[in-house]
Each structure stands twice: as C-alpha cells, then as structure tokens.
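What follows is one structure encoded as structure tokens, with my remarks underneath.
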Amino acid sequence: MPSGISREGAESKEFMMRFCLFLALLFLPNLVWAEEHHIIFSGEVLRGSFSQERRLKDFKAPLRSTGNFVIAPSHGLIWSVKTPFPIITVITPKGLVQEVEGNQTMNLPAQKIPFLLHLYDMLSGTLAGDWSSLAKEFTINKTGDEQKWKVQLLPLKTTDETSMPFSSITATGSKFIEKIELNRADGDSDYIIFHNQKLSTDPLTEHELKMLP
Amino acid sequence: MRRIFIILWLIITCIAGGYLLLRIHDGLTFSTDLMALLPHEEQDQVLQRADDIVTKSLSQRILLFVGHKNREEARSASMKIKHSLANSGLVELTADGFDKDRLKTIGKLYFPYRFGLLSEEYRYKLQEGKGQEIATRALSQVYGLVGMAGGKLLQNDPFLLLPNFFTSLPLPFSRLELDDGMLSLNDDGKTWVLITGQLRGDAFALDTQKQLEEVYEQATKTQIAEHSGLEILHLGAVFYAKDGAEKAMQETSLISIISTLGIILLVLVVFRAASPLWLTLLVIGVGVMVALSASLWVFGELHIGALLFGVSLIGVSVDYSLQYFSELFSPNSGLSYARLLRVRSAISIGAATTIIGYLTLFLAPFPGLHQVAVFSVIGLIAAWLTVILWLPALDKSTIPNHGGRLLAIAEKIMNFWQNSCYHRIRIYILGLALLLVVAGYLRFHTDDDVRRMQSLSPALVEEQELIQKRIGSTQSNQFFLIQAPTNELALQHEEELAEKLVLQVKNGALSGFQSPASYISSARRQMENRELVRKQLYPLLAKQITALQLKNAPQLLDGNAPVLTLSAINNAQSPLSFLSLMLLSGEEKGEVVHVVMLEGVKDIPALANLAKNMEGVRFVDPVGDFSNLLGKYRSRALALIVLSALFMTPLLFWRYGVKGGFLVMLPSLLAVILTPALTALMGEAFTFFDAFGLVLVLSIGVDYAVFFAETTPERKNVTILAVALAAITTMLSFGLLALSQMLAVRHFGLTLLIGIALAFLFAPIARSAAREKQ
C-alpha cells in the first residue's frame, strides 16, 4: 500500500523550517546580545516592511517582492506581499494560510507537521537563552557587537535525509535584524532586507485581528 | 451367529483403526480454511480471487502507533520496535512514508508526462476557463513567504502543474506527515509515530500468532520500561484473531472440563459403578474412530469444523448406551443379553430416525455439512453397532440395589403426564406454551451479521478507535472490482467511478479511495488534459515567462508525444510498485482486473448502488456477502428441519400407525416451535446457529419420544430415568455452550439447552403411541 506519500512533506518541512528560523532570526538581537531583557514584550507588536530577492539559478533576473509584516507574540505573523501582486500569508499556532485575491492558495494545519513541534521546542529553548538545541542542528558563528552583529548558521547534517534544505543562513542587524541571506544547496538563494521596524503597544487593528485570532 | 457378528464388527473396527493409524503416521492435518465450509457460491472465480487477495492483504496488515510527550523518545522507541519486528522475520515493515528519494523517483517518472497529468481540481478549473487562477497560484508560490518552488522546476513547469498533481494523490494516512523518515503526528501533546507492516505468515495460524505475540510483547515491554510514559497502540487482524483463538481455547477447555466432569459424576452417582462409564466412552470412541477413518477415506481431507461438529453429533450415542445400562434398574433386569433385547428396538428406531435427521444435512449445499453428514452418520451407525453387539458381551455389571429411589423420582415425572388428576395443569401448561409461542414470535427477529457473530476484544476495539481517531480511517474490507478487456478501458471505468465516488466522499458515505487511475490517468484522459493545457494555459505562457524572468521558454509537449502507460510503472523497480496490489490480472491474461480500495466506508448501500448500471464495475462486500449467505442458509436450515421431520414420518407411521407416528413427532415438534419463541422472549435474535441447533433438537427429541413409545408399562420408569440421564448429559455437553462469549456458539448452545429440556419434558406424551403400535 502506498499509505502516505508525504506530498507536502518535503516542501512543507522546508518552508516551516525556513519560517521558524526566520522567526528565530527576528528575535536574534535579544537572543545574541541582550539575553537579559526582551525586545518584544507580550502585548507589543512589531511592524515593518521588507524587500525580498530570490535569485534562482539560470533565471534572467532576480524575482523581487516587497511588502510589510506584523508580528504579535502569542498571535502570530502576517506577511503581506504588496508587489508584484498582493499575497497574504498568515501563520498562527494553528498553521499556515496563504491567500491571493481572496482565494486560498495554501492551507496547512500545524497538527499535520510534527516537525513544527520540534522546532517550537527548539525555539522556546533558544528564547530562554538555551542554545544547546539549536546547536544540535547548526554550527553557530557569532561576530560583531550589539551595535552591529552577524550570526551565521551552518547545518551540521548535510547529506542524509534529515539534512536542512539550506547550506547556510546568515543574518545581520543591530537593534533589530536587518538582513537575512539563505543559500540553498542547489545554488538558489534568497535575500530579505527589513526596514522601518517599529515596536508599538498599539493593539492590533480590527483587520489584523481578523487574520490573527 | 451373534459371535460371528461380534467378531466381524471387531475386524471392521480394526481395519478402520489401522487405516487411521496409517494416516496419522503420514501426518494427519485438518483443513482450517473457513471458506471451505461455505458453498461454492456461484463459482465466480474472478470475484473469489479478488476477494482472497484483498482479504488476505488486509488480514496481514499490522499497525502500531507509538506515542510519547518527547518527540525524540517516541522516535527512538519506534526505531527499536521496528528493528525487533524486522529482525524476527515475521513482519515485513512497509515504507508508508515516502522519503525524499522515493518522491524524487516518482517525480522523475511523472515529469515527462506532466502536461497530461492534472489533479481533479486543476482539470475542473481549466474546463471552467480559470487558467489565470492556476498561473497566479504558481506565482504566489514564488513571491510569497512560502517560496517552495525551486528554479529548476519552474523552468520546466512554470504553472507548477506537477506539484499540484502530486498533492492530489490519494493518501490513506493523510493526517500524518513524514517527519525525518517517520510518519508522525501530534495529538494530546504527544508525538505519535506510525509503524506499519505486513505479516509474512497467515494471520489465523496459531503459531504465527504466538510468535508475533512474543516478539511484540518483548519489544514493547522493553521500550515501555526504557521510556516512561510511552504509549503503544496496536491494530491488525492477527491481534484480533489471536485474542479470539485464546478466548475460544480457554472457554472450550473450561466448558469441556465442566461438562466432562459433570457427565462422569452423573454416571457414577446414578450407577455407582465404573463399567457404564468406560463402556459408554468405548461406544463414543469407536464411533468417532470409525467415522474419522471412513471420512478421511471418502474425502481425503477433513475440515476441522466438520470434525468438531461431527464428534458432537456422535455424542448422541451416549443416549443409546444409557438406555441399555438403565435397564439394570428394571424390576427383573436379567442377563445382559436379555436387557439388550428389551431396549434393542427402541435404540434401533431412535438411531434410525437420528440417522435420517443427520442425512438431511447432506442436502444443504455446504461442502462442510456434507462432511458432517457423512462423519456423523457413519459414527452413529458404528456407535449403534457397538452398543448392540459389544456392550452385552463386555458388560459384567451386577444388579444395583439402589434403583428404587431413582425410579420413584422418575415415576413422579411420568405420573404428571399420565395421571388424570394433573389433566387440568397439563392443559394450563399447554396454554402457557401457546401463549409463550405467540408472545415469543411477536418479538422474533433474525440476525445474520457475521460481524456480530464473533466477539471482538473490547480493549482492542478501543485501541482501534483511538488509532482511527488519530490517523483517520483505515482501509475498509469493501472494494470495487473493475473488469475490462484492456488496461486503458479499466482506467477509463475507474475515472468514471472516481467522479461518482468524489461525490460520495462529500456526502460522507466513505472517507477516501484509491484506484490505479488515481496514480495514472487513462490515455484518453491524458490526451484530454493536454488539450486543456494547450487551450487554456499556453495563451498565458508568455506572460508567465516574463513574470518569472525565465531565460528559456519551457519545452512544449507536442500532441503526439507518448502518454504514461500502466505497464511503464507496474514493475518491481517502480516507485509505484505498490500499485500491483490493485492490479490483479493484466492484459496478457485476456481480461484486466483492477481493484479500487475504499477507506472509512459508512454507507454500504449507497456505494453498492454506484456500481449498478456501470459497465465493468462491481461492488464487493465480503463480510456483507458472508452475512447474506448465513441468512440464506438460516432459512435453508429451517427447511432442513421440515424435511428431516418429513423423512422420519414413514418409519414412524410404519411402526406406530398414523396417529401414533404423530404422537411420537409431537414432543420434538413442540420443542422445535417453542425454543425460538423462548429465545426471542429473552431478547436474542434468531441466527443460522439457532436453526442448526434445532436440527439436533428435532433428531434427539424424536429419539426420546421413540424410547417412550417403545417401552413397556413395567419399564416406563426405567425409560424416564434413562431419558433424563440422556437429556442431562446432552445439556451438559451442548447446553453449556450457552455460556460461551462467541455469539455463534452461544446461540447454538442456548437453543440446545432449551430445546433438549423441552423435548425431555414433552417426551412422555409419546407414551400414548405405544398403544397404537402394531
């Protein structure tokens, strides 16, 4: 019996991984340099904009997108691409939903992804200043100081099935994270640059609350 | 003269014994296949083969679910259990999760044909002219946060049709995800890891069950000890079968010990001597031995069920032996030969009617019942000969002097039926019986559902529910059978069926299905799909290429390019080799037979309805068919009772005249009519096994009546004693089965318990027939 072609398995793992690391990296500033205090407090909301560049091998030009994001601890993340066309991705503890022009293009409940739990474990450990679980998966290189820092993560396992879909992840920043670079084994790479990041205690707007229940 | 017969019978039994020893020496085995007990129903070999293959593959599946709060502990425990199972050689672990490599191979296989392979969803979208939605969705996967598509794939499949087709492939374990090579899911704060395997041996073979149990116990106990809080759920026909076999074994041994002890005690208490006991055992022993030997000679091989049933039927011969020994209590008992002479006609007529009753079994179209009929008739004749020829010669009993008290009790029972002062009470009792019949038949209902016939372990059922709650439904034992001259036509039938099944999934009639066509579209469908892609998506291609900044236009598929065929993927190297389970017969055999597997079936009639009016498509429900069959044979068994009764009457009319013959039939007919009414009043449904029990009630009941009809006024109390002994032993050996947990056995036992009691109660009515005797 076939019993479970994990169709989304390979891909979903990849982007969940990507997303979680990404979240971790957003928090990196206080992890790396300010372990003694949190930068985002519960009840606070971090807003900002981003521009992303995907450099795919043998493509004429990089694929660029821009937009903004909202992170509210204990609620989740809204990632809104504005250009080239609107795409809204919402990630909550329940899972991930992607929408284009009001049509759902992806829906993945979190319970389907055991890996997510593993990553949450890893993350919460990291947030509490425990680097050991992250260190199990990556070699971590930290350079710079609190004003200008750089963290590089290199997956430990590279060849076997459990390997990370990335060959390296590099993040730089100061108070907030400013740039993430993801390199994939097949030669593709992604760059994300963050701007205008602001912490506020303003509550989520009605529209945002609708997406982040 | 008598001596010659005794010696002749000795020679025959010796020959039978010799043949049996020879067969035992050659290694005597009994057939255990349940199906062999069933009629060769309509002889549809295709159906039978499909049924066998699907049922066998289902029965050999095992499924373990290992849960722990900690993901790593759940995984390491699963790994160890997997190793133990694999190392035992009993189980072949199945790779249910598709790892990266396997997915890659499947991707490679499908890749050249991608424009002809569309998911249902995309096919409908294109048919509705919504090609732009597909193009946008592909772009959103590149530009959105979830940028999962790699550059290479986009170059060749800019609309990401292949990933969408992949996503649409049916998944039995769709709630699970492959997590680092293990199918897992999170529930109740635990990580659950799934282990599946296929049993190498027969799930119903006792030694396979025992070996697997040892390996399973050992492996799981070690892991539970190592990881506290580890939870393991298991599911599989083999576990149910093992539990059932164990229960049956315990039950059978307990019931048989109680009944054997009871009978021995009874005989010893009544006769206060050992020889009636061992001579009675000799009678049954000779009967069974000769029956076994003769049946093996006739049939070559005997079914275990026929053996067990046959032995029970031969057990009736205890009655004849008891008739003979009870003559010891006769007022002027005399020598052994004189005693035999007094009961010989009763025993012979009783045996003759019983033989007629058993022979009727031969008319039922069950092959197993033919064996039972031959076995029991030969055994009964042998037992009868042993009583007639050997017992008087071997019996050295002395006349007991405690008979008076026993006979006094017996007289009271007889008086009740004979004395006119009890006339009114007798009328009341008959009136009450009539009332019970009416009340009982108002509550009468039948049940043939074979699923309720076996008692499933509640603990295992609970585990099954827990597993199903988590992983969704598992494969049902119903399926569709597709027959067509070619694979292409079979695939087309499946596609037509799939359209209907999708609607039924929405209606909740089932939760999912798998067919070869879900993995490979028919050539016709592939060509249609290409045409859709050409018409609806190619006009959008230039825009998509710009939006994606592709360097080269993707290679377009020309209309004449080959399509993916079933033969290309149906080989051992294929990553889709599991499909072979659904491909029962190929084109080389002239007829193609495919199976469509179903999951979580809830509404059987709705699915059965689908197949109607569909060419080459049949709905198969093995359990339902089996239940229907039991229903058919329940009514046949009732017909057998009427037939046996009819066949017995000429003999009884000849012996007792018409009125006397009816009087001899009356007690057992009353018992046969009253018993189902009483069980119905108890709330029990009437099953095939009750009907079968009634066949026995009739035969035995006529025996009792004959004993009364044949006795003399001086000996009537002795007869009542002998019949009482016979009834008690029968109730001890069959009636105790009413305590069984197995519904089938319990029904058989209950019917016999009540039926024999009633037959005994009414038997003295036949006493009046003695006057009619010519």
TODO: Would you sort out whether B:E133 and A:N103 count as a side-chain contact (heavy atoms from CB on, under 4.5 Å), showing the intermediate values?
DONE: CA-CA 9 Å; B:E133 267 185 36; A:N103 294 323; 4.0 Å; yes
Given side-chain contact (heavy atoms from CB on, under 4.5 Å), test B:Q549 with A:L63 step by step and report yes or no.
CA-CA 7 Å; B:Q549 305 281 354; A:L63 303 174; 3.6 Å; yes
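When heavy atoms are compared at a cutoff of 4.5 Å, B:Q198 does not approach chain A at all. Neither the backbone nor the side chain of A:R55 comes within contact range of chain B; no heavy atom of the residue lies under 4.5 Å from a heavy atom of that chain. Heavy-atom distances place the backbone of A:Q104, and not its side chain, under 4.5 Å from chain B.
Taking OH from B:Y143 and OG1 from A:T89, the interatomic distance works out to 15.0 Å, rounded to the nearest 0.5 Å. Between the CD atom in B:Q141 and the CD1 atom in A:I87 there is a gap of 9.5 Å [rounded to 0.5 Å]. The distance from the CG atom of B:L139 to the CZ atom of A:F85 is 4.5 Å, given to the nearest 0.5 Å.
Taking the side chain as every heavy atom from C-beta outward, B:L154 and A:F59 approach each other to under 4.5 Å.
Residues satisfying the salt bridge (Lys or Arg N to Asp or Glu O under 4.0 Å) criterion with B:K551, sequence neighbours excluded, are absent altogether. Partners of A:N141 under the side chain to side chain donor-acceptor pair (under 3.5 Å) rule, at least two apart in sequence or in another chain, are A:Q152.
For A:R54 (side chain) and B:V142 (main-chain N/O), a donor-acceptor pair under 3.5 Å exists by modelled atom type.
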